[in-house]
Amino acid sequence: MRKVVLAYSGGLDTSVAIPWLASQGYEVVAVGVDVGQPGDLGAAVARAETLGAVEARAVDARARFVETSLLPALAWNGLYQGRYPLVSALSRPLIAQVLVDVARETGATAVAHGCTGKGNDQVRFEVGLGALAPDLEVLAPVRDWGMSREQTVAYARERDLPIATTKDSPYSVDENLWGRSIECGALEDPWVSPQPDAFELTVDPAEVGAEPIEVDVRFEQGVPTGVGGEDHSPQNAIAAMGKIAGAYGFGRVDMIEDRVVGIKSREVYEAPAALALIAAHADLESLTLERELAAEKRRLEPVWADLVYKGLWFSPLREALDAFVALSQRSVTGDVRLRLTPGGCQPIARRSDVALYDDALATYTDQDSFDHGDAAGFVRLWGLPTRRWAKVQNRK
Ligand code: ARG
């Protein structure tokens with residue numbers, strides 16, 4: 001019998017996908033990949049077997065996710081369309097990789113995901129799978145069966161499937177260590193503001209009772225290694241930053257986004273850890289990156305974010321860009337002090353042993369070592385082309 005490895009989340013769609021794939025003549029191996037989403041993945045995976053999977057397993061990919069996906073995203077200050085920290089886009093390539101690993105191990109000839117035909121995630125999975133394992137058949141049951149939400153529920157009811165009866169979220173949510181994506185339901189109307197029940201990681205800024213605080217974030221070669229004066233692994237630094245910033249109601253994004261398939265969609269995110277760390281990291285770069293490198297990096301940042309958003313993780317350009325960013329991060333070591341206010345997070349101080357800021361050059365006091373005579377000559381030469389041009393123009 002043909003065997004398929006299914007990316008299984010424990011939600012309605014991928015649960016129904018198990019008996020559906022079985023009815024198409026497949027043995028289903030269900031894989032739940034832990035990228036830091038909440039909930040009991042072990043219990044969900046156990047349910048997959050009662051749904052008819054021949055095998056079900058949970059794979060803890062959190063450490064790998066941090067190392068291979070989140071640290072590069074932070075190094076790039078990665079934001080799609082200047083605002084979205086790529087939460088869901090970052091997890092798909094890794095999940096694709098896990099699916100391929102399990103397929104190789106179990107001798108499966110196909111892999112399956114539960115994405116619909118309208119989103120970006122199908123693109124990310126399938127382009128990724130095509131690069132990693134072009135020989136594997138890729139199935140997209142949810143896209144192919146053409147069932148509405150109501151029909152899917154009815155399918156499960158008729159067969160008495162043990163679907164998790166946890167609170168039926170009015171939204172479509174995807175969460176991992178980098179944040180939370182919230183779409184659908186009432187949010188489909190861009191003129192309807194998000195209701196409090198959309199958020200889990202951030203409190204309403206209007207409801208922050210606390211006084212502003214200052215939090216120091218430590219980076220070593222672009223990697224976060226301390227928050228609030230405590231040393232952390234990168235994964236714990238992300239978690240600690242998320243808790244603090246979320247409690248101040250920082251990290252919400254509400255935007256109209258351009259999807260790969262061409263439609264505009266209303267997207268709501270909360271990513272307190274990602275957005276606070278990016279603010280701190282970008283600030284430290286302003287202190288430690290040489291001017292021309294910094295300028296080129298800023299030019300490339302949206303290029304990287306676009307590639308990742310559009311599902312081109314496994315592309316030579318992404319690899320080459322990541323080699324560039326790795327070199328750039330060698331000098332991104334130091335501390336940034338963030339000030340958190342209700343709904344806000346501002347860098348207010350920074351220091352580094354490898355700071356390029358030089359007091360003696362910058363100061364306006366009598367400690368000044370900057371050569372003002374050099375400046376006069378420099379300005380004359382700098383303006384030479386413009387002076388020459390203006391002279392010729394004036395002659396006409
Ligand atoms: N629009 C976002 C993206 O493409 C979020 C996707 C969230 N996925 C989901 N299944 N709810 O990255």
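The structure presented is a predicted model; accordingly, all values stated were derived computationally and were not measured. Atoms within each ligand, like the ligands themselves, are counted from 1 in listed order.
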Present, as a list of atom pairs with distances to 0.1 Å, all nitrogen or oxygen contacts under 3.5 Å between ligand 1 and the protein.
unit_1   : atom_1 : unit_2 : atom_2 : d
ligand 1 : 1 (N)  : E257   : OE2    : 2.8
ligand 1 : 1 (N)  : E267   : OE1    : 3.0
ligand 1 : 1 (N)  : E267   : OE2    : 3.4
ligand 1 : 1 (N)  : Y269   : OH     : 3.2
ligand 1 : 4 (O)  : N120   : ND2    : 2.6
ligand 1 : 4 (O)  : R124   : NH1    : 3.1
ligand 1 : 4 (O)  : R124   : NH2    : 3.0
ligand 1 : 8 (N)  : D121   : OD2    : 3.1
ligand 1 : 11 (N) : S172   : OG     : 3.0
ligand 1 : 11 (N) : E183   : OE2    : 3.1
ligand 1 : 12 (O) : Y84    : OH     : 2.6
ligand 1 : 12 (O) : R124   : NH1    : 2.9
ligand 1 : 12 (O) : R124   : NH2    : 3.0

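Relative orientation of the Y155 and W145 rings is parallel, given thresholds of 30° and 60° on the angle between their planes. Between W76 and W304, the ring planes are parallel. Angles under 30° get that label, and only those over 60° would be called perpendicular.
Ion pairing between R299 and E292 fails under the 4.0 Å rule for side-chain N and carboxylate O. D216 has no carboxylate O lying under 4.0 Å from a charged side-chain N of R350, or vice versa, which leaves the two without a salt bridge.
Residue pairs meeting the side chain to side chain donor-acceptor pair (under 3.5 Å) criterion with at least one partner in residues 352-361, sequence neighbours excluded, do not occur; the list is empty.
If you check the side chains of E267 and Y80, you find no donor sitting under 3.5 Å from an acceptor.
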